[in-house]
Q: 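Just passing along the structure, written as structure tokens.
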Protein chains: 2
Amino acid sequence: MNFTKTTEYAFRILSYMAKDESHLYNANELYENLKIPFRYLRKQLTLLSKAGLLISEQGKNGGYKIAKDLTTISLLDIVHATGANISGNACFFGFSNCALAEKCAIHDKWASIYENVNNVLISTNLAEFRKITNHEVLITNNKFINFKKD
Amino acid sequence: MNFTKTTEYAFRILSYMAKDESHLYNANELYENLKIPFRYLRKQLTLLSKAGLLISEQGKNGGYKIAKDLTTISLLDIVHATGANISGNACFFGFSNCALAEKCAIHDKWASIYENVNNVLISTNLAEFRKITNHEVLITNNKFINFKKD
DNA sequence: TTAATATAATACCTAAAGGTATCATTTATG
DNA sequence: CATAAATGATACCTTTAGGTATTATATTAA
Ligand code: SF4
Ligand code: SF4
């Protein structure tokens, strides 16, 4: 249920960049709008580039843009790009092997939730975030407002 | 989706103890069956006692048993007892406040998953774990087998 | 060709979760 | 009472996610 902060940042970055897929966003611009700690943001941007979700252009006037057709990037792809994975253990208790003769009280309920999460993440792609207009107002309670940039 | 290890341990401990609610389990017995790192297990047991989920009896022949009627302890209660909480942020992106004019592409899907999780945790109580017969075979891949106890 | 401005690489620091060690306290029992 | 066997309290160590700092490299444009 709780993604890592890193994964959340990736969601924020990519859903924001989805607003204009051809625009080259630089780290400064993203920082101004997303308020992710600047240096960490930059680190994530290069990781997302290496992971193939972003294309980076170096040098003056450089920046990043989304690497592929928005419809081909699912939220699950983003999760995977950050090294996380949802699947891990389908067992509620965290066991990777269970030799119980009968399923315990929570097994089926939990499996169904897991199935649900997986479906949502797979079936939601970045193109669906194009329609967000005023994404910048999202950031209302962050504690990074006063972080110095560099 | 991923509880903390501490929360998972608490689930394991309590669902195991639910097999015989009147029996006084001591840390050794629980360790043998659950293979949670011994000293950490003991720490958790005292925390669960302080949280009111367990009753502890000190001294020789002491141990722990579940404090209340099994039907009155939900899985969500266990989550809360370990200091975690599921509710936190209902926002997929982790924002605690969102001022978007319209809901984004993931909002409703995610809210429904959250609702689902919450319902399952609230509606599943410890009494439902009484019927597990051979719970000990659960532990098939732990790395604590060789931990020395004390 | 040099300065400015962007990303890349790498190493290091910090905070929190997970885990360990030590000593104190409680209780049953000989 | 003395000892053994249990939990309680507290402090410390370790690992990892999150975050910071420094230096290198690429690109544009005066
Ligand atoms: S039956 Fe229970 S313990 Fe076994 S894998 Fe399913 S949820 Fe886990
Ligand atoms: S609309 Fe989107 S960004 Fe806003 S709270 Fe819902 S999930 Fe979060």
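Here is the naming used below: chain letters follow the sequence lines, and residue numbers restart at 1 for every chain. These figures come from a predicted structure and were not determined experimentally. No hydrogens, no waters, no symmetry mates; every other heavy atom, side chains included, goes into these values.
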Q: What's the closest nucleotide to the side chain of A:Pro37 if the choices are D:dT7, D:dA26, D:dG19?
A: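 The answer is D:dG19.
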Q: Reckon B:Tyr9 has a side-chain N or O less than 4.0 Å from the OP1 or OP2 of C:dG19?
A: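 Answer is yes, contact under 4.0 Å.
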Q: Give B:Gly62 one of three labels, base, sugar-phosphate or nothing, depending on what nucleic acid heavy atoms sit under 4.0 Å from its own.
A: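 The answer is sugar-phosphate, as B:Gly62 gets under 4.0 Å only of primed atoms, P, OP1 or OP2.
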Q: Name the one of A:Leu121, A:Thr124, A:Asn125, A:Val117 that satisfies side chain to side chain contact (heavy atoms under 4.5 Å, CB included) with A:Leu76?
A: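 Among A:Leu121, A:Thr124, A:Asn125, A:Val117, the one that satisfies the side chain to side chain contact (heavy atoms under 4.5 Å, CB included) with A:Leu76 is A:Leu121.
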Q: Should B:Tyr64 be listed as having a side-chain N or O under 4.0 Å from OP1 or OP2 of D:dG8?
A: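 For B:Tyr64, the contact criterion (side-chain N or O under 4.0 Å from OP1 or OP2 of D:dG8) is met.
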Q: For B:Thr4, report the nucleic acid contact type (base, sugar-phosphate, nothing); a contact means any heavy atom under 4.0 Å.
A: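 Counting heavy atoms under 4.0 Å across all strands, the contact made by B:Thr4 is with sugar-phosphate only.
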Q: Does a side-chain N or O from A:Arg39 land closer than 4.0 Å to OP1 or OP2 of D:dA21, or not?
A: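 So the side chain of A:Arg39 is within the cut-off, an N or O lying under 4.0 Å from OP1 or OP2 of D:dA21.
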Q: Base, backbone or nothing for each nucleotide of nucleotides 9-14 of chain C, written B, S, -, heavy atoms under 4.0 angstrom, 5' to 3'?
A: S-B---
Q: Whole-Å distance between D:dA24 P and A:Lys60 NZ?
A: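 Distance check: A:Lys60 NZ to D:dA24 P gives 22 Å.
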Q: Between A:Asn119 and A:Asn116 (side chain of the first, backbone of the second, donor and acceptor by atom type, cut-off under 3.5 Å), is there such a pair?
A: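 Not at all, since once roles are kept as given, no pair shorter than 3.5 Å links the two residues.
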Q: Any side-chain N or O of B:Thr6 below 4.0 angstrom from OP1/OP2 of C:dA17?
A: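 For C:dA17, OP1/OP2 do not have a side-chain N/O of B:Thr6 under 4.0 Å.
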Q: Between B:Thr82 and B:Thr7, does any side-chain donor sit less than 3.5 Å from a side-chain acceptor?
A: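 Their side chains do contain a donor-acceptor pair, which is all the 3.5 Å distance test asks for.
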Q: On DNA chain D, does the nearest nucleotide to A:Tyr40 precede the nearest nucleotide to B:Ser56 from the 5' side, or the other way round? Give the residue.
A: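 With A:Tyr40 and B:Ser56 compared, the 5'-side residue is B:Ser56.
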